[in-house]
Protein chains: 2
Amino acid sequence: MAPADLGTASSDTRTTVNSTAVLDAAMTLFAQRGYHGTALSQVAEALGIRTPSLYNHMRSKQELLQRIVSDTTEGVLEDFRLAVEGVADPVERLRRATRVYALRHATHRREALIVNRDTTSLDEPARSEQQELRRRHEHALRGIITEGVAAGTLNVDSPALASFAIREMCVSIARWFREDGPFTAEQVADQYSGFALQIAGAR
Amino acid sequence: MAPADLGTASSDTRTTVNSTAVLDAAMTLFAQRGYHGTALSQVAEALGIRTPSLYNHMRSKQELLQRIVSDTTEGVLEDFRLAVEGVADPVERLRRATRVYALRHATHRREALIVNRDTTSLDEPARSEQQELRRRHEHALRGIITEGVAAGTLNVDSPALASFAIREMCVSIARWFREDGPFTAEQVADQYSGFALQIAGAR
DNA sequence: TGTGCTAACAAACGGTACTTAGCATACCGT
DNA sequence: ACGGTATGCTAAGTACCGTTTGTTAGCACA
């Protein structure tokens, strides 16, 4: 048997598509034109195969969207957990939570664009499940602000309003960030976490 | 002749639709499901007529989108102009410009959602024209921040980054604001213009 | 009364979308 | 060498979409 064969099929004479490639191509096109604005024929064309052949690597167009969205949301919640765990100070928790959130939207632009544009195109029950997960992130961020206000180290009229502003500001990084632009993703993330602290009235 | 007949045809026995009603129904549905996600049959159904009858009041589905987008963008630029004219202080200019921008996104939610989601679905040359107009607003806002930094009353590392953050924060008000929620549009606009000043490092 | 306009309708067209079925071919382990 | 699996293809099915056409009913006005 082959001693160290990786899972990805990369034959000698024939280039072949795998399910990762399909997801990747779909992600690029969904991000550009939206879910309903993208035809599977375009995904197939990007991969150099005919449309029906896509079905060797996926179950349906809707499944592609569900995978993209749910993978992303899980990543966001995991980022959040890792960023704040073991940190007690609300100001530092807010800084770290917004930093990873901003960073993700700069480094995973396509996913972010799709999630924020096409979550409404998910079939039920996936749509409701997604909304619930996103609400969880929203509440967690708001909770940090509320703690900080209680502790006197943050100062806002409404934690809800501030957390909306912070989240959405980060989300839309995906709309303008370019990898070849003047800022690295880390620089943007640092700047934006600073903005977040200012919005939240950190002393 | 009827002494004071208004333009809107409202017959006695027959309910009739006008082009304003078509635009309004389309706006609601485009905002909910997106341009490509909305079928004209759904617009017709919302109006209580059959699909082909829509063509008595519009030229095409694309024309509906173009009207919505261009009306909105013109409104945004006009708001901006009126808000800052005659005001010299960059801090106050920034406050007023972001206030009207935020206010518009709270009071014209549907239009804002469509513009920010479906501008890419415009046919050329409308799409390029729109991008140009939006760039104009972006540059104008950035210019205010640059002035403020030069005058020493604002303080940011990058006016471009700050102006992106401020704009997009305001834009997304349309995503969560509810008329029957805990805040009025004016309250949100005031809060958000405060956030903008904090992002821009106003003293 | 009659004429023209507006706006509704039914029917149909051409196009395209997603998906399934059936089949051919290459690779792989045995 | 051989059978199974994976992957591609063509053809076709089913549904729906945006749009055009031709027609009809009511209203305004002469």
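Note that these values count all heavy atoms, side chains included, but never hydrogens, waters or copies made by symmetry. As the structure is a computational prediction, the values presented were derived from the model and not from experiment. Chain letters run A, B, ... following the sequence lines, proteins first and then strands; every chain starts at 1.
For the side-chain contact (heavy atoms from CB on, under 4.5 Å) test, residues two or more places apart in sequence or in another chain that qualify with Arg117(A) are Arg117(B), Asp118(B), Thr120(B).
Residue Gly48(B) is the one, among Ala39(A) and Gly48(B), whose nearest nucleotide of DNA chain C lies closer to the 5' end (criterion: closest heavy atom).
Only Thr51(A), Pro52(A), Tyr55(A), Ser60(A), Lys61(A), listed by number, bring a heavy atom of residues 49-61 of chain A to less than 4.0 angstrom from any atom of DNA chain C. DNA chain D lies under 4.0 Å from no heavy atom of any residue of residues 22-33 of chain A.
Summarising the geometry, the separation between NE2 on His36(B) and P on dA17(C) is reported as 11 Å, rounded to the nearest angstrom. If you take CD of Glu45(B) and C1' of dA8(C), they are 17 Å apart, rounded to a whole angstrom. In this structure, Leu47(B) atom CG and dA8(C) atom C1' are separated by 13 Å, rounded to whole Å. Gln62(B) places its CD atom 14 Å from the C1' atom of dT19(D), with the value rounded to the nearest Å.
Side-chain N or O atoms of Lys61(A) include none that pairs as donor or acceptor with a backbone N or O of His36(A) at under 3.5 Å.
Contact annotation: the side chain of Arg178(B) approaches that of Arg109(B) to within less than 4.5 Å [non-hydrogen atoms, C-beta and beyond].
Between His137(B) and Tyr101(B), the distance separating the two ring centers is shorter than 6.0 angstrom.
Contacts of Ser19(B) with the nucleic acid, taken as non-hydrogen atoms under 4.0 Å apart, are absent.
Heavy atoms from other residues, nucleotides or ligands lying under 6.0 Å from CD of Glu45(A) number 12 at most.
Salt bridge status for Glu138(B) with Arg135(B): absent, with no side-chain N to carboxylate O gap under 4.0 Å.
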Any chance you could lay out the side chain to side chain contact (heavy atoms under 4.5 Å, CB included) test for Arg96(A) and Val100(A), step after step, and finish with the verdict? CA-CA 6 Å; Arg96(A) 296 195 186 194; Val100(A) 294; 5.9 Å; no
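Judged purely by distance below 3.5 Å, without hydrogens or angles, the side chains of Thr28(A) and Arg110(A) pair a donor atom with an acceptor atom.
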